[in-house]
Structures are given as C-alpha cells and as structure tokens.
Amino acid sequence: MPLMPKRVKHRMVQRGTVRGSAQSGNTLAFGEYGLKSLGRTWLEAAQIEACRVAMNRHMKRRGKVWVRVFPDKPVSKKPLETRQGKGKGAPAFWAAVIRPGTMLYEVDGVPEVMAREALRLAASKMPVRTMFVKRHH
C-alpha cells in the first residue's frame, strides 16, 4: 500500500508554488548520515518507496533508515486524449513538496561506506539533485 494520509480535509488541492528553501526538516535529526535535496520538486509516493526499498536492499536490513518526507499533497491528472474543460481531473497520486535543503532520508548503524552507497542508490532514483551529509561531532 502506498504512502498516503489516512484522511484529508480536501480531496483535491491547488498546485501552489515551491518557492524558497526548506525552513524546517533541513538538518540531521535521527541518523548519522543523510540525503539532502539541492533542488525543488514534487516527490511521488512511489519514488519515496522505491528509494527506501533500494536502500534497505543494499544494507541487507542492517542499520536503520528514516524517511523524513511524507506525501500529503494529492495531485490530480486528466485522462489521456481528453479535451479541455469538464472540470478538474481525478486525484492520480500523492506527492511530497521538496524544497532545497529538505532532508529526505537518514541512515544510522552502518559504516560510512555502506551508508554512502545506499544513499547513492536512492539518489539515482530521485528527480532532483541531492547531497550526502554527515553529522559533525
């Protein structure tokens, strides 16, 4: 079952803008290593899950992975080959709004080499440029 809210106030929302940089959720909060966004995008629930699976596969269930983003924005799409008009399309997928500086994933309990590779695999599935970050002691 994909990541999505249990219930929402409104079934459809407006597109909004993705201006500015991440004001919160932009530092390491749980793990030793993290993957930070350098761009702005909508991250689909399927993309978030694909990255999580890739990381867990590489780490072979060692260590712990935190997913720091949650898709809470319903994105609607009109069916293909449909003329304009006739209202807004039905909700197609859920997305998380990503701004530069947003911490996407965190990892702990594995060596840096393994964490770096796991986060690299996740980054390759992202529609946005990312950066590996490490906690400074």
Side-chain angles (χ1 to χ4, degrees):
M1 194 171 146
L3 278 174
M4 60 188 279
K6 286 190 179 74
R7 40 194 307 272
V8 286
K9 188 171 183 181
H10 299 289
R11 191 167 145 256
M12 300 190 200
V13 298
Q14 294 186 339
R15 298 175 80 85
T17 60
V18 197
R19 293 216 305 264
S21 54
Q23 298 301 306
S24 62
N26 53 6
T27 55
L28 284 169
F30 305 100
E32 195 69 25
Y33 311 104
L35 193 65
K36 184 181 252 191
S37 159
L38 294 177
R40 55 190 83 242
T41 186
W42 285 347
L43 208 53
E44 295 182 24
Q47 292 170 325
I48 296 170
E49 181 63 10
C51 293
R52 188 191 66 79
V53 168
M55 290 166 66
N56 281 332
R57 285 242 170 93
H58 178 73
M59 294 183 357
K60 298 192 175 72
R61 303 217 321 262
R62 288 199 292 275
K64 184 157 171 56
V65 173
W66 286 270
V67 180
R68 293 286 308 275
V69 289
F70 186 80
D72 55 358
K73 183 186 193 73
V75 179
S76 64
K77 267 249 187 322
K78 297 198 77 160
L80 287 174
E81 299 180 11
T82 305
R83 290 187 176 192
Q84 290 301 301
K86 306 267 189 291
K88 186 169 166 135
F93 59 89
W94 292 86
V97 178
I98 306 298
R99 293 184 168 86
T102 305
M103 195 62 66
L104 303 168
Y105 296 94
E106 292 188 29
V107 174
D108 203 354
V110 291
E112 184 179 342
V113 182
M114 185 178 264
R116 213 174 261 278
E117 179 61 17
L119 291 167
R120 187 192 66 76
L121 288 169
S124 70
K125 298 187 181 298
M126 289 278 166
V128 67
R129 286 184 57 232
T130 56
M131 180 173 85
F132 178 85
V133 289
K134 187 162 73 169
R135 193 183 289 277
H136 300 294
H137 290 292

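When a residue number appears, it is its place in the shown sequence, counting from 1.
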Side-chain touch [X]/[Y], heavy atoms, less than 4.5 angstrom:
| X | Y | value |
| --- | --- | --- |
| P74 | V13 | yes |
| K125 | Q47 | no |
| F93 | P71 | no |
| L104 | M126 | yes |
| M55 | L121 | no |

inquiry  = Per the ring pair (Phe, Tyr, Trp, His ring centres under 6.0 Å) rule, what does the pair list look like for residues 13-34, sequence neighbours excluded?
reply    =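 Sorted result for residues 13-34: F30-W66, Y33-F132.
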Give the cluster check for [X] versus [Y]: same hydrophobic cluster or not, with ILVMFWY residues linked at side-chain heavy-atom distances below 4.5 Å.
| X | Y | answer |
| --- | --- | --- |
| F70 | V128 | yes |
| L35 | V110 | yes |
| V18 | L43 | no |

Taking [Y]'s backbone N and O only, do any of them form a donor-acceptor pair with [X]'s side chain (distance below 3.5 Å, no angle check)?
| X | Y | answer |
| --- | --- | --- |
| R61 | N56 | no |
| R68 | L28 | no |
| Y105 | I48 | yes |
| R62 | G109 | no |
| K64 | E106 | no |

key: Heavy-atom pair with the smallest gap, counting every atom of P91 and R11   =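 Distance-wise, the nearest heavy atoms are CD-NH2, 3.5 Å.
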message = Show the nearest heavy-atom pair for residues V69 and A96, with the distance to one decimal.
response =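 The answer is CB-CB, 4.3 Å.
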If you round to the nearest 0.5 Å, how far is [atom2] of [Y] from [atom1] of [X]?
| X | Y | atom1 | atom2 | answer |
| --- | --- | --- | --- | --- |
| E117 | M59 | CD | CE | 12.0 Å |
| K88 | M12 | NZ | CE | 6.5 Å |
| S76 | R15 | OG | CZ | 7.5 Å |
| L3 | D72 | CG | CG | 11.0 Å |
| K77 | T82 | NZ | OG1 | 12.5 Å |
| M103 | N26 | CE | CG | 7.5 Å |

ask   = What pairs meet the side chain to side chain donor-acceptor pair (under 3.5 Å) rule with one or both residues in residues 36-46, with sequence neighbours excluded?
value =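 Output for this query is empty, none listed.
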ask   = For R52, which residues count as a side chain to side chain donor-acceptor pair (under 3.5 Å) partner, sequence neighbours excluded?
value =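 For R52, the residues satisfying side chain to side chain donor-acceptor pair (under 3.5 Å) (neighbours in sequence not counted) are E49.
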